[in-house]
Amino acid sequence: MPNYWLLKSEPSVFSIDDLSQSPRQTTCWEGVRNYQARNFLRTMAVGDLAFFYHSNADPPSIIGIVEIVKAAYPDHFAWDAKSKYFDKKSSPENPSWSMIDVKFLEKFSTPLSLERLRSIKALEHMELLRKGTRLSVQPVREREWKAILKLAQSGPVEKKTT
DNA sequence: GCCAACGTTGGC
DNA sequence: GCCAACGTTGGC
């Protein structure tokens with residue numbers, strides 16, 4: 001039984017289309033610089049699934065699904081002084097940060113916007129929808145995962161014909 | 001561009 | 001160990 005997650009990315013930085021056009025449709029998920037998020041990364045196992053979330057997007061939305069294909073290993077961008085993810089506290093001898101590899105699985109035909117997700121009763125306790133939450137890596141409960149999958153399969157909301 | 005909500009830093 | 005100042009995230 002896989003565990004479920006949600007990964008945020010700003011599409012102007014790295015979008016789900018960037019992922020699907022990457023070699024082997026796979027990328028390393030570098031740059032997480034928050035301890036709680038890092039600890040979630042370290043909990044992930046190969047075969048776990050994650051929603052791909054577009055933050056700072058119009059509209060912000062869950063846009064697809066990825067699979068974790070490599071468990072946590074040191075984020076070497078942290079000890080590359082030229083990287084925007086450089087962190088002088090991290091070193092190859094004592095890495096502070098971790099990353100995983102993810103593989104593209106699916107892009108939803110209809111993105112599920114925050115607004116739409118907020119309207120779903122089964123998602124009322126979802127971490128993503130909690131006020132003030134900023135975690136870029138979050139666990140997703142199984143019932144939330146299933147409710148969102150069902151939404152994605154049901155397609156867009158019908159326009160009212162009044 | 002604004003700003004609320006957090007997380008981190010560092011003086012004391 | 002407190003907490004003010006500062007930095008970041010991310011919806012709006």
Side-chain angles (χ1 to χ4, degrees), chain A residues 3-22 27-44 48-66 68 72-102 104-141 144-145 147-149 151-152 154-157 159-160:
Chain A
N3 284 309
Y4 302 112
W5 307 95
L6 181 143
L7 296 170
K8 293 184 183 175
S9 183
E10 299 190 30
S12 61
V13 177
F14 190 81
S15 71
I16 195 162
D17 293 328
D18 292 326
L19 176 60
S20 69
Q21 289 158 26
S22 295
T27 188
C28 59
W29 201 263
E30 79 280 11
V32 170
R33 295 291 179 268
N34 169 285
Y35 288 106
Q36 200 180 349
R38 181 204 67 183
N39 293 342
F40 284 132
L41 287 181
R42 292 180 174 177
T43 308
M44 292 181 179
D48 283 0
L49 301 173
F51 288 128
F52 198 114
Y53 178 82
H54 277 175
S55 60
N56 266 318
D58 186 23
S61 38
I62 293 177
I63 188 78
I65 300 175
V66 300
I68 286 50
Y73 58 105
D75 181 343
H76 56 77
F77 292 88
W79 59 71
D80 174 0
K82 290 194 285 288
S83 169
K84 65 174 173 173
Y85 299 121
F86 177 68
D87 179 358
K88 64 181 187 317
K89 296 191 300 300
S90 187
S91 67
E93 296 73 32
N94 196 3
S96 302
W97 303 108
S98 297
M99 60 184 175
I100 53 164
D101 286 358
V102 300
F104 173 84
L105 275 194
E106 178 183 349
K107 181 183 177 181
F108 295 156
S109 52
T110 316
L112 304 175
S113 68
L114 259 195
E115 183 187 21
R116 180 137 181 244
L117 296 171
R118 286 191 199 284
S119 73
I120 307 300
K121 176 76 173 164
L123 303 179
E124 62 181 343
H125 299 303
M126 192 175 177
E127 173 72 14
L128 179 70
L129 306 181
R130 276 183 43 216
K131 184 181 164 135
T133 185
R134 300 187 321 192
L135 264 186
S136 63
V137 180
Q138 312 175 359
V140 173
R141 297 178 188 88
E144 293 163 349
W145 183 271
I148 291 168
L149 275 195
L151 265 191
S154 68
V157 181
K159 287 253 167 60
K160 269 187 194 161

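In what follows, every chain begins at residue 1, and chains take the letters A, B, ... in the order their sequences are listed.
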(request) Measure from CG on A/L135 to C1' on C/dT9 and round the result to the nearest Å. (result) 11 Å
(request) For A/R130 and C/dT9, give me the distance from atom CZ to atom P, rounded to whole Å. (result) 19 Å
(message) Less than 4.0 angstrom between a side-chain N/O of A/K131 and OP1 or OP2 of C/dT9, yes or no?
(response) no
(request) State, with a plain yes or no, whether a side-chain heavy atom of A/W79 is found less than 4.5 Å away from one of A/P95. (result) yes
(request) Take the protein atom CD of A/E127 and the nucleotide atom P of B/dA5, then report the distance between them rounded to whole Å. (result) 16 Å
(message) Rounded to whole Å, please give me the gap between CD1 in A/I62 and C1' in C/dG10.
(response) 15 Å
(request) By nearest nucleotide on DNA chain B, pick out whichever of A/N56 and A/N34 is the more 5' one. (result) A/N56
(request) Could you tell me the separation between the CZ atom of A/F40 and the CG atom of A/L6, rounded to the nearest 0.5 Å? (result) 11.5 Å
(request) Would you mind reading off the distance between A/L117 atom CG and C/dG11 atom C1', rounded to a whole angstrom? (result) 14 Å
(request) Grab the CZ-P distance between A/R33 and C/dT9 for me, whole Å please. (result) 11 Å
(request) Count the heavy atoms belonging to other residues, nucleotides or ligands that lie under 6.0 Å from CD of A/Q21, then report whether that count exceeds 12. (result) yes
(request) Would you tell me if any nitrogen or oxygen in the side chain of A/Y53 comes within less than 4.0 Å of OP1 or OP2 on C/dG11? (result) yes
(request) Give, for atom CZ of A/F104 and atom CG of A/D17, the distance between the pair rounded to the nearest 0.5 Å. (result) 8.0 Å
(request) Taking only Lys NZ, Arg NE, NH1 and NH2, and the carboxylate oxygens of Asp or Glu, determine whether A/E127 and A/R130 approach each other closer than 4.0 Å. (result) yes
(message) Let me confirm one number: the CG-CD1 distance from A/L117 to A/I62, rounded to the nearest 0.5 Å.
(response) 5.0 Å
(message) Whole angstroms only, please: what is the CG-C1' distance between A/L129 and C/dT9?
(response) 16 Å
Pull out every protein N or O sitting under 3.5 Å from an N or O of nucleotides 6-8 of chain C, one pair per line with the distance.
| from | atom 1 | to | atom 2 | distance (Å) |
| --- | --- | --- | --- | --- |
| C/dT8 | O2 | A/R134 | NH1 | 2.8 |

(message) Distance check, rounded to the nearest 0.5 Å: A/I63 atom CD1 versus A/L19 atom CG?
(response) 12.0 Å
(request) Between C/dG11, C/dG10, B/dT9, spot the one nearest the side chain of A/K89, thanks. (result) B/dT9
